[in-house]
Amino acid sequence: MRLSVLQHSPALGETDANLAAVRETLDGATFDLLVLPELFASGYFFHSTAQVEALAEPVPGGPTTAALIEMARAGGGHVCGGLVERAGGRLYNSAVLAGPDGWIGTYRKLHLFYQESRWFTPGDAPPAVYDLGAARVGMLICFDWRYPEVARMLALQGAQLLLHPANLVQPHCQAAMVTRSLENRVFIATANRIGTEAQPGGESLTFTGRSQIIDPQGHLLAQAEPREPALLEVSIDPAQADDKSITGTDHLFENRRPEHYGILTAPVN
Ligand code: ACM
């Protein structure tokens, strides 16, 4: 399958202009699956709940989901990207998966980063796997990478490819995802952003770029530059992720010892 990852620098609060810029970048590109960054049309470093409320939208039914569906139709495949979701009076940092026939699924970020908990409610459900025909995929969002349980839950449900919209500001994720890939024998597509955003108080965040695609053996198939926009494209065989056999006797999943892993789900005192 042809897998694409877009890296760009959206302007904070300029949803319409950011969507138009993504359409222009795609410029007739076709793909089986395209991954866009976290909050790719709204920007990231908000300063008030009112600001986030103004950018929030229902899923499906909001303009960013409509744009994802339109991109899926134009590109002839599926598209995943992040947005501010409004649901039941709450705001979520969500990733949406869409295809030419419409909305397919939403993942609400479980592990919020830094100031995100000022406006977002953490996700309320475990991540799910979607069979797109070309691949079985699951979504995680940015800081979820710090919690290996998220990638593991997806891999245990049969995901071959993890879709990872991100707005990374710390330097470790790109290298750590090689380990997530080796731990789970899955492809991982991280779509990160570039640029800097500042709050009125003066604090700013600079995003680290280096969007990447990793294969189930931990090989880097493609990586963007830290400060340049990019549209990565690779051809992958998702079935490679179905082979969990490390040696003839070491099977990644069959040799797990979940009866001894209870502490992983126990609350921390
Ligand atoms: C992040 O979760 N956006 C770092």
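Order of appearance sets the numbers: ligands from 1, and atoms from 1 within every ligand.
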> By number and element, which atoms of ligand 1 are closer than 4.0 Å to a non-hydrogen atom of Cys142?
Replying inline: 1 (C), 2 (O), 3 (N), 4 (C)
>> Angle between ring planes, Tyr44 versus Phe207, binned at 30° and 60°: parallel, tilted or perpendicular?
In response: perpendicular
>> List ligand 1 atoms under 4.0 Å from Phe113, heavy atoms only on the residue side.
In response: 1 (C), 2 (O), 4 (C)
> For ligand 1, which atoms, with element, lie under 4.0 Å from some heavy atom of Lys109?
Replying inline: 1 (C), 2 (O), 3 (N)
>> Is it true that, when you exclude Leu264 itself, more than 12 heavy atoms of the residues, nucleotides or ligands shown sit nearer than 6.0 Å to its CG?
In response: yes
>> Suppose I only count heavy atoms of Glu116 and a 4.0 Å limit; which atoms of ligand 1 are within that range?
In response: 1 (C), 2 (O), 3 (N)
> Do the rings of Phe120 and Phe46 sit parallel, tilted or perpendicular, given the 30° and 60° boundaries?
Replying inline: perpendicular
>> Could you measure the distance from the CG atom of Leu110 to the CE atom of Met153? Nearest 0.5 Å is fine.
In response: 6.0 Å
> Is any side-chain N of the basic residue among Arg108 and Glu85 closer than 4.0 Å to the acidic one's carboxylate O?
Replying inline: yes
>> I need the atoms of ligand 1 closer than 4.0 Å to a non-hydrogen atom of Tyr44, numbered in the order shown.
In response: 1 (C), 3 (N)
> If you measure from each heavy atom of Tyr114 to ligand 1, is any distance below 4.0 Å?
Replying inline: no
> Near Glu38, which atoms of ligand 1 are under 4.0 Å from a heavy atom of that residue?
Replying inline: 1 (C), 3 (N)
> Rounded to the nearest 0.5 Å, what separation is found between the CD atom of Glu197 and the CG atom of Asn167?
Replying inline: 7.0 Å
